[in-house]
Amino acid sequence: MNDRTRAPLARPVPLGRRSIALLVLISAIGVAAFGWPLLADRSSALVGHSADAPWLFALLMPLLLAVVIAQISEGSSAGGGERGLDVKSVALLGVLAAAGAALRPLGAGTAGLEPMFFLMVLAGRVLGPGFGFVLGSVSMFASALLTGGVGPWLPFQMLSMGWVCLGAGLLPGPATLRGRRELALLATYGSLAAVAYGNVMNLQGWPYIGGQSSSVSFVPGDPLSANLPRFVTYCLTTSLGWDLPRAALTAVLCLTVGGPVLRALRRAGRRAAFAAPADFRP
């Protein structure tokens, strides 16, 4: 067995220092974009995210591009370390983003069934948190173009899906955990992430549409201890019926077809020989 076979699979977008700094910056901007209405005072006139979404999108796209550029520069300047993003990585990113975008319409939004979640979780697991964040964001953008789902919610969906894939890439044991234990880990994470995605997206719209019912409405200026129970009630009464089927479908797909998909993704990484050094033998 040669060194390549024995070594763990290198990830197409390894996280370098510049990439980590950019991802932290993107996440900080995302948290601020989602949470700023919670800091609004009673005299604020909340008009929805239709006003700030274009600005968030204008910030998000260059920062995602900056993550890619950081990977290229880190790979070209690293001496003896992991290679950064290259042509093969970009090709794999495009293929997986297209596959994720094609999977999303299959559920047609029925009861929250979105089969793209399981592919995003598995791809993030195999290919790493940096690749996963870019993949999740690009896949959501491509699926929005495919389904006509472009609106003020799109940059928030891109951020949320990017976080889902990034979290999958940070799960423990990427090079050692295999078999049923890995599938159980991914199924558990995928189901929790599917519910968390729905709740985070609720936070994007709740301050503006929750006022339809006084018991779940957001009250600007109220302390978090007062608004949080209203938000929990809002999630339970509005989106839980979509979040739970999405979580169940993600878990079932991870447990049933997760094994072959993981092997295919790892085989693609090995055949592309990401970060593999040249090995000349007589």
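Throughout, numbering of the chain's residues begins at 1 and tracks the sequence. All heavy atoms count here, side chains included; hydrogens, waters and symmetry mates do not.
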Minimal non-hydrogen separation, F133 against L23, with atom names: CD2-CD2, 3.5 Å
Would you compute the distance between atom CG of L122 and atom CD of E182 and round it to the nearest 0.5 angstrom? 8.0 Å
Say you draw a straight line from CG of L25 to CD1 of I20; how long is it, rounded to the nearest 0.5 Å? 13.5 Å
Distance in Å, C165 SG paired with L119 CG, rounded so as to fall on 0.5 Å steps: 8.5 Å
Could R246 and Y197 be counted as a cation-pi pair, given that NZ or CZ must be under 6.0 Å from the ring centre and within 45° of the axis? no
Within one Ile-Leu-Val-Met-Phe-Trp-Tyr cluster: L192 and L171, side-chain cutoff 4.5 Å: no
Over 60° means perpendicular and under 30° means parallel, so tell me whether W163 and F34 are parallel, tilted or perpendicular. tilted
On a heavy-atom basis, the closest approach of N202 and C235 is ND2-SG, 3.3 Å
Once rounded to the nearest 0.5 Å, what's the spacing between atom CZ of R178 and atom CG of L262? 8.0 Å
F231: what forms a ring pair (Phe, Tyr, Trp, His ring centres under 6.0 Å) with it, not counting sequence neighbours? W206
Taking it one step at a time, do L159 and I29 satisfy side chain to side chain contact (heavy atoms under 4.5 Å, CB included)? CA-CA 10 Å; L159 279 168; I29 293 173; over 6 Å; no
With rounding to the nearest 0.5 angstrom, report the CD to OG distance, Q157 to S139. 12.5 Å
Should M120 and L135 count as side-chain neighbours, where that means a heavy-atom distance under 4.5 Å? yes
Minimum side-chain heavy-atom gap V126-V261 below 4.5 Å: no
Heavy atoms only: give me the nearest L183-G259 pair and the separation to one decimal. CD2-N, 3.6 Å
Hey, are the side chains of L177 and P172 touching, using non-hydrogen atoms and a 4.5 Å cut-off? no
Whether the side chain of Y234 engages the backbone of S239 through a donor-acceptor N/O pair (distance < 3.5 Å, no angle test) should be reported. no
Below 4.5 Å, heavy atoms only, C-beta onward: do L127 and L92 meet side chain to side chain? yes
S143 to M140 - nearest heavy-atom pair and separation: OG-O, 2.9 Å
For the residue pair C254 and L186, what are the closest heavy atoms and their distance? SG-O, 4.0 Å
What one should report as the nearest heavy-atom pair of S160 and M201 is OG-SD, 3.6 Å
Taking the side chain from T250 and the backbone from F118, do they hold a donor-acceptor pair closer than 3.5 Å? no
Which distance, rounded to the nearest 0.5 Å, do you find between the CG of L228 and the OG1 of T233? 9.5 Å
Is there a chain of hydrophobic side chains (I, L, V, M, F, W, Y, each step under 4.5 Å between heavy atoms) that links L185 to V252? no
Contacts of N199 meeting side-chain hydrogen bond (donor to acceptor under 3.5 Å, both in side chains) (sequence neighbours excluded), chain-then-number -> none
Should V95 and V121 be regarded as members of a common hydrophobic cluster, given that ILVMFWY residues are connected when their side-chain heavy atoms come within less than 4.5 Å of each other, either directly or indirectly? no
